[in-house]
Amino acid sequence: MTKVYVMASCPDCFQVKVQLAGNPAYQLIDIGEHVRNLKEFLRLRDSSPAFAGVKASGSIGIPCFVMEDGSVKFSMSDVVIDDVPDGAACSLDGKGC
């Protein structure tokens with residue numbers, strides 16, 4: 001299962017939360033919901049070299065995707081969503097755009 005660190009007040013996290021809501025392959029963890037979630041994220045951020053560029057630019061690093069292999073990604077475009085049916089975008093009938 002992929003862990004996804006987000007925060008309700010983060011504008012970059014909004015679409016991620018909408019897109020992944022209810023998908024059992026992803027565990028959404030809101031770091032603003034409980035201090036335990038924030039501590040978990042900060043431990044990751046403080047120990048993972050993947051955050052070097054994020055910290056250098058002054059960003060927080062959310063949304064943050066921790067893949068099943070332990071790799072860390074920061075963009076939905078870098079994350080493969082296996083459960084999205086082909087042709088489902090842009091139409092109600094599932095035939096595509």
Side-chain angles (χ1 to χ4, degrees):
M1 175 181 305
T2 299
K3 287 186 174 187
V4 185
Y5 293 95
V6 295
M7 189 169 194
S9 59
C10 168
D12 295 330
C13 297
F14 179 78
Q15 187 61 33
V16 169
K17 288 173 65 174
V18 169
Q19 196 166 353
L20 299 180
N23 187 328
Y26 299 88
Q27 178 186 7
L28 291 172
I29 302 168
D30 188 324
I31 64 172
E33 190 174 274
H34 196 281
V35 70
R36 138 183 93 244
N37 298 343
L38 178 60
K39 286 182 176 183
E40 182 179 317
F41 173 73
L42 290 175
R43 273 192 300 276
L44 173 67
R45 188 175 187 267
D46 290 347
S47 64
S48 174
F51 284 88
V54 170
K55 290 193 269 186
S57 70
S59 295
I60 296 170
I62 54 173
C64 172
F65 304 85
V66 181
M67 310 307 287
E68 290 185 19
D69 67 0
S71 64
V72 177
K73 302 185 184 301
F74 300 101
S75 172
M76 279 292 293
S77 62
D78 295 332
V79 178
V80 176
I81 301 175
D82 297 327
D83 298 1
V84 176
D86 292 337
C90 301
S91 69
L92 295 175
D93 62 7
K95 294 180 181 175
C97 296

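Because only heavy atoms are used, hydrogens play no part in the values below, and waters and symmetry mates are left out as well, while side chains stay in.
- Hydrophobic clustering, with ILVMFWY side chains joined whenever heavy atoms are under 4.5 angstrom apart, groups Leu38 together with Val66.
- Shown here are the side chain to side chain donor-acceptor pair (under 3.5 Å) partners of Ser75, two or more places apart in sequence or in another chain: Ser77.
- Residues Lys39 and Val35 meet the side-chain proximity criterion, which asks for heavy atoms closer than 4.5 Å.
- Cluster membership for Leu42 and Val72, using ILVMFWY side-chain heavy atoms within less than 4.5 angstrom, is shared.
- With Ser48 contributing its side chain and Leu44 its backbone, the two residues share no donor-acceptor pair below 3.5 Å.
- Considering Ile60, Ile29, Asp30 as possible partners of Phe41, the one that fulfils the side-chain contact (heavy atoms from CB on, under 4.5 Å) test is Ile60.
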Full working for side chain to side chain contact (heavy atoms under 4.5 Å, CB included) between Val4 and Lys17 = CA-CA 9 Å; Val4 185; Lys17 288 173 65 174; over 6 Å; no

Please tabulate, one pair per line, all N/O donor-acceptor pairs under 3.5 Å involving side-chain atoms of residues 6-15, not counting sequence neighbours.
none

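- Between Phe74 and Val54, some side-chain heavy-atom pair lies under the 4.5 Å cut-off.
- When all heavy atoms of Phe51 and Cys64 are compared, the pair lying nearest together is CZ-SG, 3.6 Å.
- For the pair Ile62 and Tyr5, the tightest heavy-atom approach, listed with the atom from each and the gap, is CG2-O, 3.7 Å.
- Taking every heavy atom of both residues into account, Glu68 and Met1 meet most closely at OE2-N, 2.7 Å.
- Contact detail for Ser47 and Arg43: the closest heavy-atom pair is OG-O, 2.8 Å.
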